[in-house]
Structure formats: C-alpha cells, structure tokens
Amino acid sequence: MKPQRTFIAVNLDKTVRDRVIALQETFLRTGTDVKWTEKENLHVSLLFLGEVDERSVVQVCRIVKDCCATQPPFVMTIEKAGCFPNPRRPRVLWVGVGAGAAELCNLHDSLETPLLELGCYRREERQYTPHITLGRVKSDHPTEKLSAALVKRAEWQGGEMTVREVHVLSSELTSKGPIYTTLSRAKLAGSDSQESG
C-alpha cells in the first residue's frame, strides 16, 4: 500500500460549519478567482505530516490517542476573517480561533515531539496558529471587493462548539479536489461518546 498524505485536525460541528460556508459564499460573490476549500473538508488543522507509510500511520494514530487522553474537552470559538499575507494582496483566506486557541496550541505542541521522534513530521518554520483555511486566491489581481469584504468581516463571529475528539485523516488528491478519509478518532480525556461534529 502506498504512503498516504496524512494530517491531524479538529472537525467542525454542523452549526459552525454552516456559518463558515455562508461566509465563503459571501466572499465568492466578490468575483475573485479563488480555489475554495470543499464544504466537507473545512477543519482546524493541528499538524500536516505529508506522506506517511502504512506502518507509521498506526503509530501516528496511537500517539494522537495517547496525547488526547491527557487533555480534557474544551470550548472553541470560530471568529475573525482574515488572509495571508494582507488584505491588499490576499493569497490565503481564513477564519481564526478565539477561545480554545491555547488548548489547540497545547495539543499541537504535545503531538509535535513524539511525531518528530517517529520521523513522520518536520517542524514548520512558522509558529502554529490555529485557523480554518477558506480558500486560496488564484488570481494575481484580487478584486477590490474581496479586500473590502475581508476588512468588513474582520470581527466576524462563527459561533462556538465543544472539541471532544481529534481526527487523523488521509488526503487523496483528485482532479475534483482532495478527498479526506478518517483514519482514526482520538477522544479527549473523560469525553463521553457524543460526536463532536
């Protein structure tokens, strides 16, 4: 079996996801050429591992399970629309995390060391900042409307949800966009069996 593009993420519940999708549609109406993240693929990434072989995937899932078992569930708010690098030349459109950002950073940091030791992860140069990628701007000349829409929604609120589990996912690149498959779900400490989205 060939290696799988693998990443670790927190999925969104339906209410938050629907609000994020509505925001995507608002930006879509600005007429800028953007490759939008598919609705079912919206998530908060913790770590992107790249190509991982089948045997290592099993170890990755165990590491995620062990790390999650020490962290209790927490409330996460999705808020503030923005872009990298700036509204004049937006390349990546995103929404941020308010409450819960510290807990996500803790999860990221606790996963990073064992995954580095396993050899499945290369430390990113940028500091980890939890966010949801809405889309990537393809046009070299983004519309003024998009810049204005980003500024207008700088204080946008997407609601809150309780994070109860973390997913290990594979990403298969296809001509219609990536297809994500859940490889494992790791419950946070003391979390009941309720779904988190």
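Position 1 is the first residue of the sequence; numbering continues from there. Computed from heavy atoms alone, side chains included, the values below leave out hydrogens, waters and symmetry copies.
One finds the CG atom of Leu150 at 11.0 Å from the CZ atom of Arg88 (value rounded to the nearest 0.5 Å). In this structure, the separation between SG on Cys68 and CD1 on Ile8 is 8.5 Å, given to the nearest 0.5 Å. The CZ atom of Arg17 sits 8.5 Å away from the CD1 atom of Ile132 when rounded to the nearest 0.5 Å. Between atom CG of residue Asn11 and atom CD of residue Glu165 there is a gap of 7.5 Å, rounded to the nearest 0.5 Å. Between atom NZ of residue Lys145 and atom CZ of residue Arg29 there is a gap of 11.0 Å, rounded to the nearest 0.5 Å.
The shortest distance between side-chain heavy atoms of Ser170 and Tyr180 does not fall below 4.5 Å. Val163 has its side chain within reach of Met76: a pair of non-hydrogen atoms, C-beta onward, lies under 4.5 Å apart. Looking only at side-chain heavy atoms (C-beta outward), Val34 and Leu28 stay at 4.5 Å or farther from each other. Between Val137 and Asp33 the shortest side-chain heavy-atom distance does not fall below 4.5 Å. In this structure, Thr182 and Val168 have side chains that are not in contact, with every pair of non-hydrogen atoms separated by 4.5 Å or more. A 4.5 Å side-chain heavy-atom check between Arg185 and Arg164 finds every atom pair outside the cut-off.
Summarising the geometry of Cys67 relative to Pro114, their closest heavy-atom pair is SG-CG, 4.5 Å, with the distance given to 0.1 Å. Taking both residues in full, the closest heavy atoms of Pro87 and Val151 are given as CB-CG2, 4.4 Å, listed atom of the first, atom of the second, then distance. Closest approach of Thr129 and His131 over heavy atoms only: O-ND1, 2.8 Å. Of all the heavy atoms in Pro72 and Leu188, the pair that sits closest is O-CD1, 3.8 Å. The shortest heavy-atom contact between Pro90 and Leu146 is CG-CD2, 3.9 Å.
Not counting sequence neighbours, the partners of Asp18 by the side chain to side chain donor-acceptor pair (under 3.5 Å) test are Lys14. For Ser184, there are no side chain to side chain donor-acceptor pair (under 3.5 Å) partners two or more places apart in sequence or in a different chain.
Hydrophobic clustering (side-chain heavy atoms under 4.5 Å, transitive across Ile, Leu, Val, Met, Phe, Trp, Tyr) keeps Trp94 apart from Leu104. Cluster membership check: Leu12 shares its hydrophobic cluster with Phe74, using side-chain heavy-atom separations under 4.5 Å among Ile, Leu, Val, Met, Phe, Trp and Tyr. Cluster annotation: Leu169 is not connected to Val64 through the hydrophobic network of ILVMFWY side chains, with a link wherever side-chain heavy atoms come within less than 4.5 Å. With hydrophobic clusters built from ILVMFWY side chains whose heavy atoms lie under 4.5 angstrom apart, Val92 does not share a cluster with Leu23. Both Leu107 and Leu116 are members of a single hydrophobic cluster when ILVMFWY side chains are connected at heavy-atom separations under 4.5 Å.
Between Phe7 and His167, a ring centre-to-centre spacing not shorter than 6.0 Å is recorded. Phe48 and Tyr121 have their aromatic ring centers separated by at least 6.0 angstrom.
Pairs of residues two or more places apart, or lying in two chains, never qualify as ring pair (Phe, Tyr, Trp, His ring centres under 6.0 Å) while including a residue from residues 144-165. Legend: salt bridge (Lys or Arg N to Asp or Glu O under 4.0 Å) pairs involving residues 106-123, not counting sequence neighbours, sorted by first then second residue: Glu112-Arg123. Residue pairs meeting the side-chain hydrogen bond (donor to acceptor under 3.5 Å, both in side chains) criterion with at least one partner in residues 67-78, sequence neighbours excluded, are Thr77-Glu79.
In this structure a side-chain-to-backbone donor-acceptor pair under 3.5 Å is present from Thr26 to Ala22. Judged purely by atom type and a 3.5 angstrom limit, Arg91 has no side-chain atom pairing as donor or acceptor with the backbone of Arg136. A donor-acceptor contact shorter than 3.5 Å is absent between the side chain of Ser56 and the backbone of Val52.
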Please tabulate, one pair per line, all N/O donor-acceptor pairs under 3.5 Å involving side-chain atoms of residues 36-46, not counting sequence neighbours.
| unit_1 | atom_1 | unit_2 | atom_2 | d |
| --- | --- | --- | --- | --- |
| Thr37 | OG1 | Thr133 | O | 2.8 |
| Thr37 | OG1 | Leu134 | O | 3.3 |
| Glu38 | OE1 | Asn41 | ND2 | 3.3 |
| Asn41 | ND2 | Pro178 | O | 3.1 |
| His43 | ND1 | Asn41 | O | 2.6 |
| His43 | NE2 | Ser45 | OG | 3.0 |

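Salt bridge annotation for Arg5-Glu51: absent, with no cationic side-chain nitrogen under 4.0 angstrom from a carboxylate oxygen.
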For this session: Report the C-alpha separation of Phe27 and Thr32 in whole Å, then their side-chain angles, then the decisive distance to 0.1 Å, and conclude whether the side-chain contact (heavy atoms from CB on, under 4.5 Å) test is met.
Result: CA-CA 8 Å; Phe27 290 146; Thr32 299; over 6 Å; no
Exercise. Do Gln4 and Val57 pass the side-chain contact (heavy atoms from CB on, under 4.5 Å) test, and can you show the C-alpha distance, the side-chain angles, and the key distance before you say yes or no?
Worked result: CA-CA 8 Å; Gln4 302 180 79; Val57 164; 4.2 Å; yes
